[in-house]
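Fair warning: this is a prediction, and the values are worked out from it, not measured in the lab.
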Amino acid sequence: MDASVLRGTAELLAENSRWEYHDLPYWGGEVDCCINAWTLANGLWLGADVRGIADWFVEHRLPDGGWNCAWVEGSTRSSFHSTINSLKGLLAYHQATGGTEATRAAQRTGEEYLLERKLLHRLSTGERVGEWVNHFGYPFRWLYSALNAASYFREASLLDGTAPDPRMAEAIELIRAARRPDGRWLQEGPLRGEVWFEIDAPVGEPSKWLTLHATRVLAWRES
C-alpha cells in the first residue's frame with residue numbers, strides 16, 4: 001500500500017478517534033497494556049508518531065519486570081498475558097526504529113520475567129500458571145500460550161542475533177508434543193468474538209498458521 005495512504009489513515013485516526021478512557025488522544029495510547037501494544041504496532045505500520053506509547057511501557061513496567069493491564073486497579077504483579085503483548089509491541093518498535101536504551105532495557109526485563117518462569121510456571125509454587133499455556137489456537141490475539149511466547153522469542157532473537165535461551169526447553173517440548181503424525185498442528189479454537197472473516201482452519205482441523213509458527217520455532221531451536 002502507498003505510504004501516503006497509510007499516513008493519511010494515521011492522520012484521520014488522530015483527528016477523529018479518541019479513547020473512551022478519559023477521552024485520551026488515539027496515538028497517545030490508553031491505560032491497557034494489550035491495547036497499547038497493538039496500537040503501538042499499528043501506529044508503526046501506519047507511520048504515526050508513537051514514541052509516546054513506547055515510552056509508556058517503560059514508565060508502567062512493574063517491579064517484577066513485566067506488565068499487567070490491571071495496574072490501573074492497583075495490581076503490582078505482572079501478568080503473562082499483559083507481558084507477552086507488551087513485549088510484542090516493543091519488539092515491533094525495535095524492529096522499526098531500533099528503539100532507545102530505555103525501551104530495550106524494558107524489553108529485557110519483560111523477557112526475563114517469562115524466562116524465569118520457563119514460559120509456563122508460577123515462580124512462587126512452580127505450578128503450571130494456567131491451562132491456556134498449552135492452548136493451540138490461531139489467531140493468538142491477547143491470549144498467552146507457550147507457542148505465542150516462543151514465537152515472540154524467535155523473532156526477538158533473529159533481530160538481536162542471540163541464541164535460544166535454555167530455559168525455554170520445557171515449553172519447546174510442549175509445542176513439539178502437540179505435533180500430529182502428519183507434521184501439522186490442530187486448531188483448538190480461536191478466542192470468541194465477532195470477526196469480518198475467518199483466517200484459519202475450523203476447530204479440530206490442521207491449522208496452516210499454527211503449523212507455520214510451530215515449525216519455525218522448532219527449526220530455530222534446533223539450528
Side-chain angles (χ1 to χ4, degrees), residues 19-22 24-44 50-135 140-157 159-160 162 164-168 170-171 191:
W19 294 109
E20 291 181 0
Y21 189 90
H22 289 185
L24 292 169
Y26 189 81
W27 293 121
E30 211 235 38
V31 295
D32 184 286
C33 303
C34 299
I35 290 173
N36 280 350
W38 286 100
T39 305
L40 177 58
N42 290 340
L44 292 163
V50 288
R51 288 173 294 179
I53 303 179
D55 291 338
W56 183 94
F57 284 101
V58 176
E59 296 162 3
H60 291 83
R61 184 175 31 160
L62 296 178
D64 58 11
W67 292 266
N68 192 325
C69 293
W71 72 271
V72 73
E73 279 90 40
S75 178
T76 58
R77 299 175 66 181
S78 294
S79 153
F80 276 59
H81 305 294
S82 299
T83 297
I84 192 60
N85 283 288
S86 300
L87 285 172
K88 289 167 77 171
L90 286 172
L91 176 59
Y93 184 66
H94 297 151
Q95 288 171 324
T97 70
T100 66
E101 184 176 343
T103 60
R104 290 190 295 272
Q107 182 184 17
R108 288 192 294 272
T109 63
E111 290 175 346
E112 187 62 23
Y113 171 85
L114 296 177
L115 289 168
E116 277 187 316
R117 293 155 177 81
K118 300 181 180 179
L119 311 190
L120 301 173
H121 302 288
R122 298 183 187 279
L123 190 62
S124 56
T125 64
E127 296 176 349
R128 189 71 60 87
V129 69
E131 294 182 1
W132 31 264
V133 295
N134 60 344
H135 178 78
F140 297 131
R141 294 187 182 156
W142 61 266
L143 185 69
Y144 182 93
S145 70
L147 179 56
N148 190 3
S151 184
Y152 159 81
F153 277 100
R154 172 186 171 273
E155 277 200 65
S157 78
L159 179 64
D160 297 337
T162 55
D165 192 290
R167 290 172 290 181
M168 295 178 56
E170 184 181 351
L191 298 179

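- The shortest side-chain heavy-atom distance between N68 and L62 falls under the 4.5 Å cut-off.
- Note: E116 CD to T109 OG1 = 10.0 Å, rounded to the nearest 0.5 Å.
- Under a cut-off of 6.0 angstrom, the local environment of CH2 in W38 is sparse, with at most 12 non-hydrogen atoms contributed by other residues, nucleotides or ligands.
- Listed by first and then second residue, the ring pair (Phe, Tyr, Trp, His ring centres under 6.0 Å) pairs involving residues 83-102 amount to none (not counting sequence neighbours).
- A donor-acceptor contact shorter than 3.5 Å links the side chain of Y144 to the backbone of L119.
- The closest donor-acceptor contact from the side chain of N85 to the backbone of A37 lies at 3.5 Å or more, if one exists at all.
- Judged by distance alone, with hydrogens and angles left aside, the side-chain atoms of S157 form a donor-acceptor pair with the main-chain N or O of R154 at under 3.5 Å.
- Contact annotation: the side chain of F153 approaches that of L114 to within less than 4.5 Å [non-hydrogen atoms, C-beta and beyond].
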For R128 and H121, run side-chain contact (heavy atoms from CB on, under 4.5 Å): C-alpha distance rounded to whole Å, both residues' side-chain angles, the deciding distance at 0.1 Å, then the answer. CA-CA 4 Å; R128 189 71 60 87; H121 302 288; 4.0 Å; yes
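- Closest approach of S82 and C34 over heavy atoms only: CA-SG, 4.0 Å.
- When side chains are defined from C-beta on, L159 does not count as touching E155, because their heavy atoms never get closer than 4.5 Å.
- A donor-acceptor pair is defined here as one N or O able to donate and one able to accept, closer than 3.5 Å; no such pair exists between the side chain of H81 and the backbone of L143.
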Pair H60, W67 - check ring pair (Phe, Tyr, Trp, His ring centres under 6.0 Å), show working. CA-CA 7 Å; H60 291 83; W67 292 266; over 10 Å; no
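- Under the 4.5 Å side-chain criterion, counting only non-hydrogen atoms from C-beta, H22 is not in contact with E30.
- How far CZ of R108 is from CG of D160: 9.0 Å, rounded to the nearest 0.5 Å.
- For the pair S75 (side chain) and A70 (backbone), a donor-acceptor distance under 3.5 Å is absent.
- Heavy atoms only, all atoms of each residue included: S78 and G66 are closest at OG-C, 2.9 Å.
- The shortest distance between side-chain heavy atoms of Y21 and V72 falls below 4.5 Å.
- When all heavy atoms of A106 and L90 are compared, the closest pair comes out as CB-CD1, 4.3 Å.
- For the residue pair T83/S86, the side-chain donor-acceptor check at 3.5 Å is not satisfied.
- Atom CD of residue E127 and atom CZ of residue R122 lie 7.0 Å apart, to the nearest 0.5 angstrom.
- Shown here for T76 and D64, the closest heavy-atom pair between the two residues is O-OD2, 4.4 Å.
- Heavy atoms of other residues, nucleotides or ligands lying less than 6.0 angstrom from CD of E131 number 12 at most.
- The CG atom of L87 sits 9.5 Å away from the CZ atom of F57 when rounded to the nearest 0.5 Å.
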Run S145 and V133 through side-chain contact (heavy atoms from CB on, under 4.5 Å) and show every step you take. CA-CA 4 Å; S145 70; V133 295; 5.9 Å; no
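- Put simply, the side chain of E170 reaches to within 4.5 Å of the side chain of L120, judged on heavy atoms.
- The cationic atom of R117 (NZ for Lys, CZ for Arg) lies less than 6.0 Å from the six-membered ring centre of Y113 and within 45° of the ring axis.
- Distance check: L44 CG to I53 CD1 gives 8.5 Å after rounding to the nearest 0.5 Å.
- Heavy atoms from other residues, nucleotides or ligands lying under 6.0 Å from CZ of R104 number more than 12.
- Contact check for W19 versus T39: side-chain heavy atoms found under the 4.5 Å cut-off.
- Residue-environment remark: CZ (R141) exceeds the threshold of 12 foreign heavy atoms within 6.0 Å.
- In this structure the side chain of V31 reaches within 4.5 angstrom of the side chain of W71, judged on heavy atoms.
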